[in-house]
Amino acid sequence: MAVDLRELNPNQRRAVLHIDGPLLVLAGAGSGKTRVITHRIAHMIDTGIPPSAIVALSFTNKAAGEMRERLTKMIGAVAKEVVLGTFHSVGAQMMRETPDGFGVPPRFSILDQGDQNGLIRGILRDLGIHGPASDRRFDLGAITQRISLWKNDFITPAEAQHPRLHESDYDEVAAEVYPEYEDRLESLGAVDFDDLVVRIAHRLDEDAELCAHWRGRYKYLLIDEYQDTNRAQLEVVRRLAGPNENICVVGDDDQAIYGWRGAKVSNILGFDMIFPRAVVIKLQENYRSRAQIIECANGVIVNNLSRHDKALIPQRGDGAKVTLVVADDGSQEASWVTGKIRKLIVDERYPPEEIAVLYRSAKQAEAIEEGLQENGIAYRVLGGQAVYDRKQVKDVLAYLRVLVSPRDDLGVRRALGVPSRGIGAKTIARLVAHAAEHHISLLEAIHHAGEIEGIGGRPVTALARFSEIVRRAQGQYHATRSATGALRSLLAASGLRDSVIGDAGSAKVGDLRWQAVEGLLGSIERFEERAQNKGERPRWHDYLATMTKDSKSEEEVSLGKVTLTTLHSSKGLEWPIVFIIGVEEGTMPHKRVSARRISDAISGDVEEERRLFYVGITRARDVLYISRAETRTERGQPVERRPSRFLDEVPEEPTQEYRIAKEEALSTDDLMSMADAFLARLAAPEA
């Protein structure tokens, strides 16, 4: 059945119907880009294009999953044949299918953020850069990020040694770590997420036959959120597009907010220079926000010089004016915001999940959290630690790897270290060297630890015990074909649960931590059951990849909770009522650019900060509050804060200013409500 295009507006329809040749779809906030993407794929299949020849790339597994779900509702089971994923998941697939020349074994491992940090921590200590506490002085994530940026700009470890790239101590340390980091990846037979794109780009450039193979497979490319692509991703896209240039990119340069992690807004701004035959279609109709909100957004973003000429056109009509709230100090701002939220929920009956508080820095959330707690209002914080990033859960995943993928040396090393067995770095080094010399896995070396020169005493006893419990669990797994049961036995024998509870400091906290593990075990069991119901064997590689990829994008259930989130984490989301707090110089824009001259409008950093503010504004559907404080307490002293330069760009007509009265921040009603909530918590039975 042909896909119905009647519900699309004229420009959306044009974007769907343009199939051959390069296409740039400039999709403004709230303009229905996901609808365009899914309709376009469905229409392409209607015209006879094989689904397997269509590659649709997004930036998160969650977005890819939602896209596939929408597409399945439209066209049914054939949607499964479309290659729909992230740059990294498709890159991993390409490397596994055509492994020659990538410098990794066919069954390579993929490091997640925690694995990378652990590797870098060990390198810092081994290099003796700053002794045992080196990882405390230097933020491991910052070092990892610098290496990531270099990789994606095709800067080799040797080139990273050049002083021109060293603007800080972090750059110098990262340059020293980089070559050793690459060597250790190679010895582990592993790659990091950046390699899944960077190595693809190199191979497609070097090997014309390989490039032709993948062009023949992936004949039509569609990239969502194109403004977030980096240099390596652009090169992969260019190679795969080939001379036919059947590529459609969808994005919005006004929402390019990830320059700090390597995204190049120039990719979308210069698309028609890279692909001169490109057709450009603008989706400017906004179906999300009221007219006053859109007018404010347009008034701000038009001040950026590096952008495509366009403006959002509101489709929902007028609503309430945008309220610019002025507080005397930060405490008054937080008290007013949380009090206003309480009134919206209690007096005006708004569901809590329809309200969000946005901020530039996560630290700004602390005062809001305290106020919501005092008012007894449930909330969730986006951008915090996800379930599958918690240490105890990642430790259990390592044991699962030992069980179902015993050649995964990274998993074995992590499992061997938790709980502590008194096995030091020298013993590990001897095991690794023995494994490399005899071309065996690390686990196989552990099984023969008693035969390795230099390993004896307590370490050999501990290794023998580890070997014994692993062999027993693997025997149970092969006999019962139940990874869940075997894993539970392995965890019980390892003493991991006792270790988690003991490290927590209290049984109550320990039990809460172990609940996350039980949630993981339930997930593993359900994964096995789904495979068995289909008459298939569980694809553990796919399951473990899902656990390591994109875990931070998994959102907890929001029902009945106010959302607190950074402006960066708010992208792609929307709420009826939005508060943007702390809109002051030094915060929005960030202090790293705020110190520059206000007239420095052409600064890329300032323009990205303005785009971030624009993203925040366009999250609101019906009601928007933008607040600032005239003073904030810093190191115990009140410090004057200037209004953000971006507030000068907000048009006057669609706004109203509201200055908080001193007595309003803590009214009698507020105090009574807080007291009632406090007494209710005292009276409630302990959870």
Side-chain angles (χ1 to χ4, degrees), residues 60-62 65 88-89 109-119 121 140-141 144 190 192-193 380-406 408-421 466 469-470 473 477 482-530 538-557 569:
T60 67
N61 289 317
K62 180 173 180 289
H88 301 98
S89 66
S109 301
I110 302 172
L111 273 67
D112 64 10
Q113 183 73 50
D115 295 328
Q116 286 179 277
N117 287 347
L119 207 58
R121 181 184 290 111
L140 298 174
T144 303
D192 58 28
F193 280 109
R380 62 167 182 162
V381 181
L382 295 188
Q385 190 178 43
V387 169
Y388 297 122
D389 281 340
R390 294 174 185 170
K391 179 183 182 300
Q392 67 272 22
V393 173
K394 295 180 78 170
D395 291 340
V396 173
L397 284 171
Y399 275 96
L400 177 63
R401 288 191 174 97
V402 171
L403 196 61
V404 302
S405 184
D408 186 332
D409 289 353
L410 281 172
V412 172
R413 287 183 70 160
R414 182 166 190 138
L416 188 62
V418 287
S420 176
R421 295 180 169 85
F466 182 78
I469 65 172
V470 169
Y477 171 52
S482 170
T484 311
L487 180 59
R488 286 187 181 276
S489 298
L490 181 56
L491 295 177
S494 73
L496 183 63
R497 185 178 189 278
D498 292 339
S499 174
V500 169
I501 292 175
D503 290 345
S506 75
K508 186 175 181 179
V509 174
D511 285 340
L512 286 172
R513 289 184 180 178
W514 195 255
Q515 283 178 18
V517 172
E518 289 294 341
L520 173 66
L521 293 171
S523 169
I524 293 169
E525 188 170 22
R526 290 188 295 274
F527 183 78
E528 279 192 304
E529 287 176 354
R530 282 196 296 271
R539 296 170 62 89
W540 290 113
H541 182 272
D542 292 346
Y543 180 83
L544 290 167
T546 301
M547 292 298 102
T548 56
K549 288 178 194 168
D550 211 33
S551 61
K552 290 188 178 179
S553 72
E554 296 299 326
E555 298 172 19
E556 59 183 294
V557 176
S569 295

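From a predicted model like this one, the values you see are computed outputs, not experimental measurements. Index from 1, following the sequence.
- Applying the salt bridge (charged side-chain N to carboxylate O under 4.0 Å, His left out) rule to R413 yields no partners; only residues at least two apart in sequence or on another chain are considered.
- Side chain of R421 to backbone of L416: a donor-acceptor contact under 3.5 angstrom is found.
- In this structure, S494 and I469 have side chains that are in contact, with non-hydrogen atoms separated by less than 4.5 Å.
- A distance of 7.0 Å separates CZ of F466 from CG of L490, quoted to the nearest 0.5 Å.
- Of all heavy-atom pairs spanning Y399 and V418, the tightest one is OH-O, 2.5 Å.
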Practice problem: For side-chain contact (heavy atoms from CB on, under 4.5 Å), just list the numbers for D395 and R414, CA-CA rounded to whole Å, side-chain angles, deciding distance to a tenth of an Å, and then say yes or no. | Solution: CA-CA 7 Å; D395 291 340; R414 182 166 190 138; 2.8 Å; yes
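- Rounding to the nearest 0.5 Å places CG of D409 at 12.0 Å from CZ of R401.
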Self-check item: Working for side-chain contact (heavy atoms from CB on, under 4.5 Å), residues L487 and Y477
Solution: CA-CA 8 Å; L487 180 59; Y477 171 52; over 6 Å; no
Practice problem: Please report the C-alpha distance between I524 and L400 in whole Å, then the side-chain angles of each, then the deciding distance to 0.1 Å, and finally whether the side-chain contact (heavy atoms from CB on, under 4.5 Å) criterion is met. | Solution: CA-CA 9 Å; I524 293 169; L400 177 63; 3.8 Å; yes
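- The shortest non-hydrogen separation linking G411 to V402 is O-CG2, 3.9 Å.
- For the atom pair CG of D498 and CG of L491, the computed distance is 11.5 Å after rounding to the nearest 0.5 Å.
- Contact detail for V412 and P406: the closest heavy-atom pair is CG2-O, 3.9 Å.
- Minimum heavy-atom separation, A398 to A415: CB-N, 3.9 Å.
- Considering only residues two or more places apart in sequence or on other chains, F527 meets the ring pair (Phe, Tyr, Trp, His ring centres under 6.0 Å) condition with W540, Y543.
- Judged by distance alone, the side chain of T144 and the main-chain N or O of L140 form a donor-acceptor pair under 3.5 Å.
- Heavy atoms only, all atoms of each residue included: L403 and A486 are closest at CD2-CB, 3.7 Å.
- Judged by distance alone, with hydrogens and angles left aside, the side-chain atoms of Q392 form no donor-acceptor pair with the main-chain N or O of V517 at under 3.5 Å.
- Residues A483 and V404 come closest through the heavy atom pair CB-CG1, 4.2 Å.
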Quiz prompt | Intermediate values then yes/no, side-chain contact (heavy atoms from CB on, under 4.5 Å), H88 and I110 | solution = CA-CA 10 Å; H88 301 98; I110 302 172; over 6 Å; no
